[in-house]
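Single-structure report; data block below.
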Amino acid sequence: MGQNAVILKSNPYGLIVNLSPDLPFEELLDAVEEKFRVSAGFFKNARLALTFRGRVLTMEQESRLVEAITQNSSIQVLCIVDEEKETEEYYRKALTHALEKKKEDDGLFCRGTLRSGQSVESETSLVILGDVNPGAQVISKGNIVVLGCCMGSVYAGAGGDEQCFIAALTLKPALVRIAGAAPKRSAIIKKEDPGDYPVEPKIVFVKDGHLQIKTITNETLCEYLA
């Protein structure tokens, strides 16, 4: 695999990842994993904006590349900067906006699918852009929102706050728990392909000491807020 398949260029606010335009994507993904694994010590716990350059990527490919970067380094990707607006000043503004929004929302943003054996823990609310696969675990002292298929174990309100909730575009978890309410295990037989599950946004919240799992509607949200 050529040494120039992935070239990194940084500025004070972000990182430009130059990608080979000709390498098959799966080989490119391997090259990105290796590049960031080797460079992990250099980026120690960096929080930065990111731009991909050199080839056109689908949303799925971009998501897989971000996942490869975060899993092979301690980098926290705060936002993706469009190539067309790639200037140092724009990076600064994009990064500042992302950090301010995190402070305002008091939550964290996690981009990428969590696979079996992986876990994420957060002191604040957590939004996951991706799936939570069987065998993966998410624990948060705040709310948990999964913008994908949730099939692992999720525990919100881990600090004891029963006002927290769990929501997902597709909710088929192995286990759900909020604060001190008795956890619920899924009685659904899992399918291997999460794509077999239709998108049906649902929310889990505590009412009268028991977990309620309901499809998200205006009525449901009014019940949760009551």
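Hydrogens, waters and symmetry mates are skipped; everything else that's a heavy atom, side chains included, is used.
By the rule that hydrophobic residues join a cluster once side-chain heavy atoms approach within less than 4.5 Å of another member, V66 and L28 end up as members of one cluster. V120 and V176 fall within a single hydrophobic cluster, where Ile, Leu, Val, Met, Phe, Trp and Tyr side chains are chained together by heavy-atom contacts under 4.5 Å. Residues I144 and V206 are members of one and the same hydrophobic cluster, defined by side-chain heavy-atom contacts under 4.5 angstrom among Ile, Leu, Val, Met, Phe, Trp and Tyr. Put simply, V38 and L29 are part of two different groups of oily side chains (I, L, V, M, F, W, Y) that touch within less than 4.5 Å, one to the next. A continuous path of ILVMFWY side-chain contacts below 4.5 Å connects F25 to V32, so both sit in one hydrophobic cluster.
The backbone N or O of T58 lies less than 3.5 Å from a partner atom in the side chain of Q61, making a donor-acceptor pair. Judged by distance alone, the side chain of N143 and the main-chain N or O of F165 form a donor-acceptor pair under 3.5 Å. Between the side chain of D131 and the main chain of C149, a donor-acceptor pair closer than 3.5 Å is present. Counting only distance, with no hydrogens or angles, the side chain of T113 and the backbone of G130 share no donor-acceptor pair below 3.5 Å. In terms of modelled atom types and a separation under 3.5 Å, the side chain of D161 and the main chain of G157 share no donor-acceptor contact. A donor-acceptor pair is defined here as one N or O able to donate and one able to accept, closer than 3.5 Å; no such pair exists between the side chain of E27 and the backbone of P24. Using modelled atom types, one side-chain atom of R55 and one backbone atom of S20 make a donor-acceptor pair closer than 3.5 Å.
Among all heavy-atom pairs drawn from A5 and A31, the shortest one is CB-CB, 4.1 Å. In this structure, S122 and S125 approach most closely via the heavy-atom pair OG-O, 4.1 Å. For the pair R115 and A136, the tightest heavy-atom approach, listed with the atom from each and the gap, is O-CB, 3.4 Å. When all heavy atoms of G148 and A168 are compared, the pair lying nearest together is O-CB, 4.2 Å.
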### Task
Show your working on side chain to side chain contact (heavy atoms under 4.5 Å, CB included) between K35 and L8 and close with a plain yes or no.
CA-CA 9 Å; K35 188 75 171 182; L8 306 181; 4.1 Å; yes
### Task
Dump the intermediate steps for side chain to side chain contact (heavy atoms under 4.5 Å, CB included) on V145 and I166, then the final yes or no.
CA-CA 6 Å; V145 177; I166 297 167; over 6 Å; no
### Task
Evaluate the criterion side chain to side chain contact (heavy atoms under 4.5 Å, CB included) for residue pair L169 and V146; output intermediate values, then yes/no.
CA-CA 7 Å; L169 293 182; V146 181; over 6 Å; no
### Query
Are V154 and L175 close enough, and set up right, to give a side chain to side chain contact (heavy atoms under 4.5 Å, CB included), and what steps lead you there?
CA-CA 6 Å; V154 282; L175 182 71; over 6 Å; no
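Looking at L15 and T51, their side chains never come closer than 4.5 Å, going by heavy atoms from C-beta outward. Using a 4.5 Å cut-off on side-chain heavy atoms (C-beta onward), T170 and K172 make contact. A 4.5 Å side-chain heavy-atom check between L19 and L57 finds at least one atom pair inside the cut-off. You'll find the side chain of T215 reaches within 4.5 Å of the side chain of E200, heavy atoms only. Using a 4.5 Å heavy-atom threshold, the side chains of V6 and N18 count as separate. Inter-residue side-chain proximity for Q71 and Q118 is flagged as met; some heavy-atom pair is nearer than 4.5 Å.
Among L65, I69, I16, the one residue that satisfies the side chain to side chain contact (heavy atoms under 4.5 Å, CB included) test with L50 is I69.
Residues passing the salt bridge (Lys or Arg N to Asp or Glu O under 4.0 Å) test with K202, sequence neighbours excluded: none. With sequence neighbours left out, the salt bridge (Lys or Arg N to Asp or Glu O under 4.0 Å) criterion links E33 to no other residue. E60 pairs by the salt bridge (Lys or Arg N to Asp or Glu O under 4.0 Å) definition with nothing, not counting sequence neighbours.
Separation of atoms CD (Q137) and OG (S116) is listed at 11.5 Å; rounding is to 0.5 Å. Taking SG of C164 as the reference point, atom NZ of K141 lies at 11.5 Å (rounded to 0.5 Å). Note: F205 CZ to I178 CD1 = 9.0 Å, rounded to the nearest 0.5 Å. Between F36 atom CZ and S74 atom OG the span is 11.0 Å, to the nearest 0.5 Å. To the nearest 0.5 Å, atoms CD1 (I128) and CG (L147) are separated by 9.0 Å.
Using a 4.0 Å cut-off between charged nitrogen and carboxylate oxygen, E67 and R64 do not count as a salt-bridge pair.
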